[in-house]
2 protein chains.
Amino acid sequence: MSVMTAITIKDVAAEAGVSIATVSNAFSGRKAVSPEVVRRVEEAARTLGYQKNIAASQLRTGRVKVVGVLVPSLADTFFAALVSDLEKLAEADGYQVLVATSGDDAAREAAQLDALLGWKPSGLIAVPCTNAIPDTLRREMVALPVVLVDRIGEEDLPVDTVVVDNHAAGREAAQHVLEKGHREILIAASVAGLRPIAERIRGITDACLAAGVAPRIVELGTDVEEGAARLGAFLAREGHPTAVIATTNVTTLATLTAFAQAGIDMPADVSLVGFDDYAWMTARRVPLSAVRQPISDIAQSAWSCLMTRIGGSADAAVRIVLDAPLQRRNSVGVSRRVLDTA
Amino acid sequence: MSVMTAITIKDVAAEAGVSIATVSNAFSGRKAVSPEVVRRVEEAARTLGYQKNIAASQLRTGRVKVVGVLVPSLADTFFAALVSDLEKLAEADGYQVLVATSGDDAAREAAQLDALLGWKPSGLIAVPCTNAIPDTLRREMVALPVVLVDRIGEEDLPVDTVVVDNHAAGREAAQHVLEKGHREILIAASVAGLRPIAERIRGITDACLAAGVAPRIVELGTDVEEGAARLGAFLAREGHPTAVIATTNVTTLATLTAFAQAGIDMPADVSLVGFDDYAWMTARRVPLSAVRQPISDIAQSAWSCLMTRIGGSADAAVRIVLDAPLQRRNSVGVSRRVLDTA
DNA sequence: ACTATCAGGTTAAACGTTTATATGAGTGTT
DNA sequence: AACACTCATATAAACGTTTAACCTGATAGT
């Protein structure tokens, strides 16, 4: 065992007694190679433990089966699940996924994007962290297949987008609590400026206004602890609503935490509609009613858009809008107002 | 806008009126370049939107700031959180992370490992999906810095490992429920054959046996729905224990789901100690007592081991064992047996 | 029997970097 | 004025792969 230099196609060629071109052809199958030689090459590769150097390969061909995926955070279950699904789809198509997280910070997002692009991936799926599309990305969009997901701040983007019908989702959630007689409704938003959140809020507000009710809004941020503290303070200061609608899974958790800390019983004291749908929401004495984002459909749609573009399609950009249906469970009770008058 | 070929260092050199070597030096700083030229190069790069081709760079140098991370699944919060932490640490050190998931399938694991290794990363952090180390990995371990985390089936591996003291964690959980007077204890295991799970079970069993109690075990697998169904069936068939100790976050969720479905009140009817510690565990009327795995410490340890190895250390392999302390909250009640005799 | 085709193989060039080596222009020193 | 020395820049080779172009027999068609 000498200097331990990596095994290249050259070593395999020597071991199999053929030229390197033949080895390459034997692997890729682009040119006919006799079965006997293929066997020798494969055997040589196996005994030597040969691994193709992807960098060299991609340098030569200019293409590589890699797609970049950029999300705000893997600590948020929604994005982790999304990436997980994308990864499975990618694997099925023989692609490798390069994951980067922006941490909801525009500067980091730009830096991560640069790093990602350095790999010259064949495509990119991104959940921007703000409404603004980073410059690097905007420039790249014309040349590189890009699919934007979830946080889309602008209309008429020149790339495919996959979003959820946030307005409808908000409306449905609001209608549900309104039907149960609630009139004092609080919206537990994460960051109201974010487009999807703004849409959800608008959906809720529209439905409420149609029923002559004015909902209130509190911003809880993107951290559970912090959000619980803020909501706790709000409740102590402003008094309890009869129903809360949370607009993200993080605010749902923050709300539940605040309820637990303040000894608020759900749904007896306050009702709640959560957002997103995870196992922990049903693993409770009172299973949560929640707006279910169709994560695997989102992943599926984004992936097939990307594959179509990588396949060379130059069709006009499509905008896929998916439904986020309300899962009615037991966390929304009939309002006391209704019960009393009954 | 002609044929849209990517911008290379050559274009930058032409634009700045210098040679490509100077451009390279201007970026890397390995050789002195006059400030004026550096400025011109940077400006040229900016106006052209130049992005270094990492593949070419890595081909030439043989090194690249990338580490592979292989975990069983990103859908499991534990691994998602681990990857998230590793990603942050990597970014701080200027490394990119290549994520792959094995889906708890040995064949997929081997395939993903091959794909990962094709990038010739400078290191690898892996959570093997079974007790057995894949051959590819075993062969690579001598040349490539590797850190194994969590699922370690063998002792005396030639690489650094980071694990949790699972035996102690199990013991502590068991002692807690024993102290509260419980004698009918059920272990909700995921897959008893997995080394960390086996250790946890052994820890629980040892503590129980010392108290003259024989715990029972039920295997629930790695899926929440499935696990809840299995536990439901077990409970219906065998009757209720007074306390359940879950050995993973998934089995914790499965147990809670089964409790909710069967209308079992916790802790009045049955007590529970969960595993791992997430926001949803405290966002409840009865916050869960659970064994808290120190995820960020695990990530931190694994990362610094890897960096040391990449730095060239040839010290003997270290084995880092971290504590997983029990978080005592309200899901373990005093057993009825004790209450009655009091 | 001569040519066209084809299968199976080789040679060499190219991809975009980095870097060892060469070059050349200043700047002191003698 | 000749020399050594430094500093900034240029030239060219190398990394491991793919692939166009070329070569050699063998087979088939006329």
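The chains referred to below are lettered A, B, ... by the order of the sequence lines, with proteins before strands, and numbering in each begins at 1. In this text the structure is predicted, and so the values were computed from the model without any measurement.
Gln58(A) has its CD atom 13 Å from the P atom of dT19(D), to the nearest Å.
Annotation: ring-ring contact (aromatic ring centres under 6.0 Å, His included) contacts of Phe79(A) (sequence neighbours excluded): none.
Taking 4.0 Å as the cut-off between side-chain N and carboxylate O, Arg39(B) and Glu36(B) count as a salt-bridged pair. A salt bridge links Arg195(A) and Glu155(A); the closest N-O separation between the charged side-chain nitrogens and carboxylate oxygens is under 4.0 Å.
In this structure, Lys52(A) places its NZ atom where only 12 or fewer heavy-atom neighbours from other residues, nucleotides or ligands lie under 6.0 Å away.
Between Tyr95(A) and Trp303(A), the ring planes are perpendicular. Angles over 60° get that label, and only those under 30° would be called parallel.
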| task | Summarise protein proximity over nucleotides 15-21 of chain C in one line of letters, 5' to 3': B for base, S for sugar-phosphate only, - for none, counting protein heavy atoms closer than 4.0 Å. | result | BBBBB-B

